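In what follows, a structure is listed as structure tokens, so that the remarks can point back to it.
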Amino acid sequence: MAKLSVVPTPIGNLEDITLRAIRVLKEADMILAEDTRTSSILLKHYGIRKPLQSHHKFNEHCRVERIAERIEAGENIALISDAGTPSISDPGFLLVRECIRRKVEVECLPGATAFVPALVVSGLPAERFCFEGFLPQKKGRKTRLQALSGEERSIVLYESPFRLLRTLTQLAEAFGEDRRVSVSREISKHFEQTCRGTLKEVIAHFSAHEPRGEFVIVADGINRKASH
């Protein structure tokens with residue numbers, strides 16, 4: 001029976017892909033890619049030659065029904081994003097939901113995602129955590145930060161280099177500047193780095209060193225004794 005396969009792709013290092021993911025991509029009738037140009041580099045590296053179709057946040061709404069119909073008709077379709085696992089701060093949710101509604105089989109392979117390595121190397125408790133992805137840009141941002149200020153679990157956020165200092169400053173205002181935090185950049189890439197300390201210390205670091213790359217912020221939960 002045909003199905004939708006959600007396939008994680010490397011978040012930096014091209015070696016961070018499973019043998020199963022390579023096989024599934026080679027066996028697919030078509031691959032849906034967030035950016036076909038970006039994905040072509042990965043597919044060429046592993047000798048995968050399959051029809052590519054763009055599937056991103058700007059066209060996802062109008063294409064999910066047609067894609068689900070193609071799977072119903074017998075095509076095996078694989079979904080990938082530019083990096084990491086589709087649906088995790090990337091397109092994919094709408095298609096998965098539509099396939100489930102139609103009782104089309106959906107499988108998701110285990111694989112690369114940025115927040116797990118960042119959480120593990122943070123040194124903050126990882127047995128329970130709250131993944132927030134990207135905070136709202138404008139509407140609801142302050143309310144969300146206020147709600148998170150009382151969160152007891154470790155808090156995981158994604159952020160771009162252009163908004164990193166703004167977000168860290170707002171976290172300090174909401175959480176207090178003494179809250180422990182870990183900020184990782186360029187996970188699995190050559191220039192991977194992690195900066196740990198209080199929000200005050202980390203803000204000082206990135207004020208002196210221009211933020212570059214993609215970031216994962218892990219903040220300690222409230223009322224938790226941080227280990228040093």
Side-chain angles (χ1 to χ4, degrees), residues 8-18 38 81-90 110-138 140-228:
T9 54
I11 57 176
N13 192 318
L14 289 180
E15 294 179 353
D16 292 337
I17 190 168
T18 67
T38 299
S81 61
D82 289 349
T85 302
S87 290
I88 306 297
S89 295
D90 279 325
T113 188
F115 75 82
V116 173
L119 177 61
V120 171
V121 303
S122 71
L124 298 174
E127 71 278 4
R128 296 175 65 243
F129 62 92
C130 170
F131 176 71
E132 287 290 314
F134 289 95
L135 289 170
Q137 286 303 301
K138 296 179 181 178
R141 186 179 179 91
K142 185 175 180 181
T143 302
R144 193 77 209 109
L145 285 167
Q146 289 176 340
L148 289 172
S149 67
E151 176 61 63
E152 295 183 355
R153 298 168 294 178
S154 296
I155 302 161
V156 184
L157 304 168
Y158 284 163
E159 195 50 276
S160 76
F162 312 107
R163 295 186 296 268
L164 179 69
L165 272 172
R166 173 195 174 206
T167 296
L168 290 173
T169 300
Q170 291 176 331
L171 287 173
E173 292 170 353
F175 296 1
E177 61 182 13
D178 292 331
R179 183 76 68 92
R180 302 289 300 179
V181 69
S182 173
V183 180
S184 296
R185 64 182 288 266
E186 299 292 82
I187 294 289
S188 93
K189 299 179 183 178
H190 181 69
F191 294 105
E192 178 179 345
Q193 291 179 332
T194 295
C195 178
R196 305 175 186 87
T198 64
L199 277 163
K200 181 179 181 179
E201 293 167 340
V202 173
I203 289 170
H205 172 82
F206 286 108
S207 295
H209 301 85
E210 181 183 0
R212 294 185 179 182
E214 298 301 318
F215 289 85
V216 183
I217 302 169
V218 183
D220 200 6
I222 195 172
N223 294 332
R224 181 183 285 152
K225 294 181 179 179
S227 57
H228 297 270

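Note that the structure is a prediction, hence the values are computed from the model and not measured.
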*What pair of heavy atoms forms the shortest contact from S149 to A174, and how long is it?*
CB-O, 3.4 Å

*Grab the two heavy atoms, one from P8 and one from I17, that are nearest each other, plus how far apart they are.*
O-CG1, 4.4 Å

*Do you know the tightest heavy-atom contact between A172 and I203?*
CB-CD1, 4.0 Å

_From NE2 (H190) to CG (N13), nearest 0.5 Å_ = 11.5 Å

*Using atom types as modelled and distance alone, determine if a side-chain donor or acceptor of E186 lies under 3.5 Å from a backbone N or O of E214.*
yes

*asked:* Any non-hydrogen side-chain atom of V218 less than 4.5 Å from a side-chain atom of F129?
replied: no

*asked:* Using 0.5 Å steps for rounding, measure from the CG atom of D16 to the CD1 atom of I11.
replied: 6.5 Å

*Which pairs with one or both residues in residues 168-177 pass side chain to side chain donor-acceptor pair (under 3.5 Å), sequence neighbours excluded?*
R141-Q170

*asked:* Show every salt bridge (Lys or Arg N to Asp or Glu O under 4.0 Å) that has at least one partner inside residues 201-211, sequence neighbours left out.
replied: E210-R212

_Worked verdict on T167 versus F215 for side-chain contact (heavy atoms from CB on, under 4.5 Å)_ = CA-CA 11 Å; T167 296; F215 289 85; over 6 Å; no

_Distance (rounded to the nearest 0.5 Å) between I217 CD1 and Y158 OH_ = 12.0 Å

*Heavy atoms, side chains only, cut-off 4.5 Å: are F175 and V181 in contact?*
no

*Could you grab the distance from atom CG of D220 to atom CD of E151, nearest 0.5 Å is fine?*
11.0 Å

*asked:* Any side-chain to backbone donor/acceptor pair from S81 onto T9? Under 3.5 Å, distance only.
replied: no

*asked:* Rounded at 0.5 Å granularity, tell me how far CZ in F134 sits from CG in L157.
replied: 10.0 Å

*Do the non-hydrogen side-chain atoms of Q137 and R163 ever get within less than 4.5 Å of each other?*
yes

_Return the OG1 to CZ distance between T198 and R179, rounded to the nearest 0.5 Å._
12.0 Å

*Which pair of non-hydrogen atoms, one from A112 and one from P10, has the smallest distance, and what is that distance?*
CB-CA, 4.3 Å

*Check whether any side-chain heavy atom of D90 sits under 4.5 Å from a side-chain heavy atom of T85, and report yes or no.*
no

*Which residues pass the salt bridge (Lys or Arg N to Asp or Glu O under 4.0 Å) test with E15, sequence neighbours left out?*
none

_I'd like to check the side chain to side chain contact (heavy atoms under 4.5 Å, CB included) partners of R144; sequence neighbours left out, ordered by chain and number._
E132, L135, P136, A147, L148

*Nearest heavy-atom pair of I222 and G150: which atoms, and what distance?*
CG2-O, 3.6 Å

_K200: which residues meet the salt bridge (Lys or Arg N to Asp or Glu O under 4.0 Å) condition with it, sequence neighbours left out?_
none

*Under the side-chain contact (heavy atoms from CB on, under 4.5 Å) criterion, do L165 and S207 qualify, and how do the steps go?*
CA-CA 7 Å; L165 272 172; S207 295; 3.8 Å; yes

Please table the atom pairs, donor to acceptor, closer than 3.5 Å between any side-chain atom in residues 113-125 and protein atoms at least two apart or in another chain.
from, atom 1, to, atom 2, distance (Å)
S122, OG, L119, O, 2.7
S122, OG, L124, N, 3.0

